[in-house]
Protein chains: 2
Amino acid sequence: MTHNTAPPTDLTFWSFVDYAVQKAERELPSVDAEAMRMVLTLNRATSMVIYDLESSVHRPRGLTWPGFRVIFALWLAGPMEAKTTAEISGMSRAALSALLNTLERDGLIVRERAEHDRRALQLSLTEAGYGAILGGFRAHNRRESAWAEALEPEERRELVRLLNKLMAGSTTAQAKFRS
Amino acid sequence: MTHNTAPPTDLTFWSFVDYAVQKAERELPSVDAEAMRMVLTLNRATSMVIYDLESSVHRPRGLTWPGFRVIFALWLAGPMEAKTTAEISGMSRAALSALLNTLERDGLIVRERAEHDRRALQLSLTEAGYGAILGGFRAHNRRESAWAEALEPEERRELVRLLNKLMAGSTTAQAKFRS
DNA sequence: TCCAAATCATCAAAGGTTTGATTAATTGGG
DNA sequence: CCCAATTAATCAAACCTTTGATGATTTGGA
């Protein structure tokens with residue numbers, strides 16, 4: 001165990017990436033440092049953006065981040081089966097089930113049995129749910145704009161392109177997906 | 001409410017971004033579509049990568065994703081105060097407090113009072129914790145490599161540069177940070 | 001010196017996530 | 001036509017996160 005060299009005392013959420021990559025290379029020479037840096041940076045950037053959106057926009061309005069994602073999906077892809085909602089909002093069916101209890105209790109969505117398949121659930125927004133997403137999304141999008149301003153338009157497109165390419169690679173990488 | 005046009009029935013986690021951006025523009029003409037696309041894509045890509053790492057590497061080894069982050073930080077930045085651990089692993093002090101109960105119970109870390117300030121907590125890895133991170137991180141880094149292969153080396157560097165620029169902009173954007 | 005303000009950690013309540021059952025409904029091959 | 005396999009949803013237990021409150025310590029200025 002090589003905990004001898006004292007780490008800088010002023011490590012921050014930002015500066016930790018550089019420090020970690022260098023230290024890991026010394027500790028474990030076989031490490032893929034560039035991959036490590038990429039994943040670490042991706043996580044940090046996303047975590048910052050989401051924390052800002054959730055804490056400054058959605059929580060004050062009574063929604064959690066996952067709650068927002070579901071209402072948002074229902075707003076845009078309109079009444080649909082719960083299975084689809086889970087898929088496009090990126091959560092497991094079990095997680096959605098639990099989340100729907102809260103959203104239903106708060107009067108934002110309605111659960112109904114699907115007609116063609118009595119196992120399936122049909123989800124739709126209530127008027128209150130529609131109102132919540134309209135107001136919430138405007139504020140949400142203003143924060144998105146503020147973040148986006150950090151990059152030039154061309155850089156934003158390039159970032160999106162690279163992220164899409166990364167996601168497309170998940171097949172080759174044999175990534176595990178949420179079921 | 002304009003839920004008239006039926007959404008495609010084959011929406012997936014991937015394809016939802018394009019659909020959502022277009023629909024939002026029709027629904028709310030004032031929307032900043034490019035910012036929306038950027039944040040949506042950033043979230044999806046990160047969510048896929050983290051889900052893969054957590055479910056294929058860490059959970060099978062008995063660690064959660066947050067648990068891994070803490071052990072990882074302690075491995076690289078050595079014995080340190082809990083406050084610093086929370087900062088560099090990106091969680092609130094309260095969240096870390098709860099998480100430490102599990103890690104301590106599992107014998108991976110040790111909590112001690114700091115000598116210079118009896119309010120503070122000094123955290124360090126146990127031998128078991130050190131063993132867990134060594135094995136876990138190797139597997140973790142192999143998955144990171146697999147993901148990184150989707151991009152050319154130059155593209156990986158550019159992605160990191162853009163993400164860092166985005167984070168740097170959080171100051172200008174007056175983002176809210178975790179306390 | 002002394003006490004109010006600041007700082008560190010934990011607690012409590014409400015919520016969301018994961019994995020691994022379990023229950024209900026539908027499907028498809030024999 | 002019927003039953004086994006599949007599929008949709010929910011449940012249960014264990015965990016992590018958030019916000020807000022509470023208990024210790026330490027600090028800094030009167």
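Note that these values count all heavy atoms, side chains included, but never hydrogens, waters or copies made by symmetry. All chains are named by letter (A, B, ...) in the order of the sequence lines, taking the proteins before the strands, and each is independently numbered beginning at 1.
With DNA chain C read from its 5' end, the first of the two nearest nucleotides for A:K176 and A:G67 is the one closest to A:G67. When the nearest nucleotides of DNA chain C are assigned to A:R105 and A:R178 by heavy-atom distance, the more 5′-ward of the two goes with A:R105.
Close to D:dT18, at under 4.0 Å from its OP1 or OP2, lies no side-chain N or O of A:T64. For D:dC16, the OP1/OP2 oxygens have a side-chain nitrogen or oxygen of B:T102 closer than 4.0 Å. For the pair B:R118 and D:dA24, the criterion of a side-chain N or O lying under 4.0 Å from OP1 or OP2 is not met.
Under 4.0 Å is where a charged nitrogen must lie from a carboxylate oxygen, and between B:D18 and B:R37 at least one such pair does. Salt bridge status for B:E34 with A:R157: absent, with no side-chain N to carboxylate O gap under 4.0 Å.
In this entry the distance linking CG of B:L99 with P of D:dA14 reads 17 Å, nearest Å. Atom CD in A:E104 sits about 14 Å away from atom P in C:dG15, given to the nearest Å. The distance from atom CG of B:N101 to atom P of D:dC15 is 10 Å, rounded to the nearest whole Å. Rounded to an integer number of Å, the gap from B:I50 CD1 to C:dT17 P is 14 Å. One can place NE2 of A:H116 at 12 Å from C1' of D:dT7, the figure rounded to the nearest angstrom. The nearest whole Å value for the distance from the CG atom in A:L123 to the P atom in D:dA8 is 14 Å. In this structure, CZ of B:R61 is placed 16 Å from P of C:dT19, rounded to the nearest angstrom. Between B:R59 atom CZ and D:dC16 atom P the separation is 8 Å, expressed in whole Å.
Between the side chains of A:S47 and B:R178, a donor-acceptor pair is found at a separation under 3.5 Å. Checked by atom type, the side-chain pair B:R93/B:S179 shows no donor-acceptor distance below 3.5 Å.
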I'd like a list of close polar pairs between nucleotides 8-10 of chain C and the protein, N/O only, cut-off under 3.5 Å.
residue : atom : partner : partner atom : Å
C:dC8   : OP2  : B:K83   : NZ           : 3.1
C:dA9   : OP1  : B:L121  : N            : 2.5
C:dA9   : OP2  : B:R93   : NE           : 3.0
C:dA9   : O5'  : B:R93   : NH2          : 3.3
C:dT10  : OP1  : B:R111  : NH1          : 3.2
C:dT10  : OP2  : B:R93   : NH2          : 3.3
C:dT10  : OP2  : B:S97   : OG           : 2.6
C:dT10  : O5'  : B:S97   : OG           : 3.3

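No side-chain donor-acceptor contact under 3.5 Å links B:S170 to the backbone of B:L166.
Between B:H140 and B:W65, the ring-plane angle classifies as parallel under the 30° and 60° cut-offs.
Residues A:L53 and B:V39 come closest through the heavy atom pair CD1-CG1, 3.9 Å.
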